[in-house]
Amino acid sequence: MDALKLIEKDSIKAELPKFSIGDTVKVSVNIREGSRERIQMFEGTVIAIKGSGVAKTFTVRRVSYGVGVERVFPMHSPNVVDVKVIRSGKVRRAKLYYLRDRVGKAAKVKENIQ
């Protein structure tokens, strides 16, 4: 078990971005196509954060061309280059799966004004 904990400690990122459920984030993802690499942006609402330690993940949802698209990103993955918070959301739930059933303005999350 000690060897696993050492490996886990090495692969955890030191600086995690501070965001929570309901926030609109822009995730920069490193995409490899053959021998080339590029950074692709994915912007959407964080609807879930799961796990702990190395296995911590977050789910981002957006609607693109009328189709809902969800991506699950590992928090400590080297392919996740950066996460920027665009707006802070005001929600009262830990998981926002109910947004999947909503369309248009009903699928919006209120902004948390501080």
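When reading the values below, keep in mind they use all heavy atoms of this one structure, side chains included, and skip hydrogens, waters and symmetry mates. For this chain, numbers begin at 1 and follow the sequence in order.
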Does one hydrophobic cluster hold both [X] and [Y], with members joined at side-chain heavy-atom distances below 4.5 Å?
| X | Y | answer |
| --- | --- | --- |
| I31 | V80 | yes |
| V63 | L99 | no |
| M41 | F19 | no |

Check: [X] side chain, [Y] main-chain N or O, donor-acceptor pair, under 3.5 Å:
| X | Y | value |
| --- | --- | --- |
| D23 | V85 | no |
| T45 | I47 | no |
| H76 | G53 | yes |

Subject >> By ring pair (Phe, Tyr, Trp, His ring centres under 6.0 Å) - contacts of F73 (at least two apart) >> reply: F42, F58
**OP:** Count the heavy atoms of every other residue, nucleotide or ligand shown that sit under 6.0 Å from NZ of K50, and state whether that count exceeds 12.
**Re:**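 It does not: K50 NZ has 12 such atoms or fewer within range.
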**OP:** Take atom CZ of R87 as the centre, draw a 6.0 Å sphere, and report whether it contains more than 12 heavy atoms from other residues, nucleotides or ligands.
**Re:**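 Yes, enclosed.
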Apply side chain to side chain donor-acceptor pair (under 3.5 Å) to [X] and list each qualifying residue two or more places apart in sequence or on a separate chain.
| X | result |
| --- | --- |
| N30 | E37 |
| E111 | none |
| R36 | none |

Subject >> salt bridge (Lys or Arg N to Asp or Glu O under 4.0 Å) contacts touching residues 62-80 (sequence neighbours left out) >> reply: R61-E70, E70-R100
Subject >> Residue pairs fulfilling salt bridge (Lys or Arg N to Asp or Glu O under 4.0 Å) with at least one residue in residues 72-81, sequence neighbours excluded >> reply: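 Applying salt bridge (Lys or Arg N to Asp or Glu O under 4.0 Å) to every pair that reaches into residues 72-81, excluding sequence neighbours, yields nothing.
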So, taking the atom named [atom1] in [X] and the one named [atom2] in [Y], what distance separates them when rounded to the nearest 0.5 Å?
| X | Y | atom1 | atom2 | value |
| --- | --- | --- | --- | --- |
| K90 | K110 | NZ | NZ | 6.5 Å |
| S28 | K84 | OG | NZ | 6.0 Å |
| T57 | I49 | OG1 | CD1 | 9.0 Å |

Subject >> Pairwise side-chain contact, V29 with V81, heavy-atom cut-off 4.5 Å (strictly under) >> reply: no
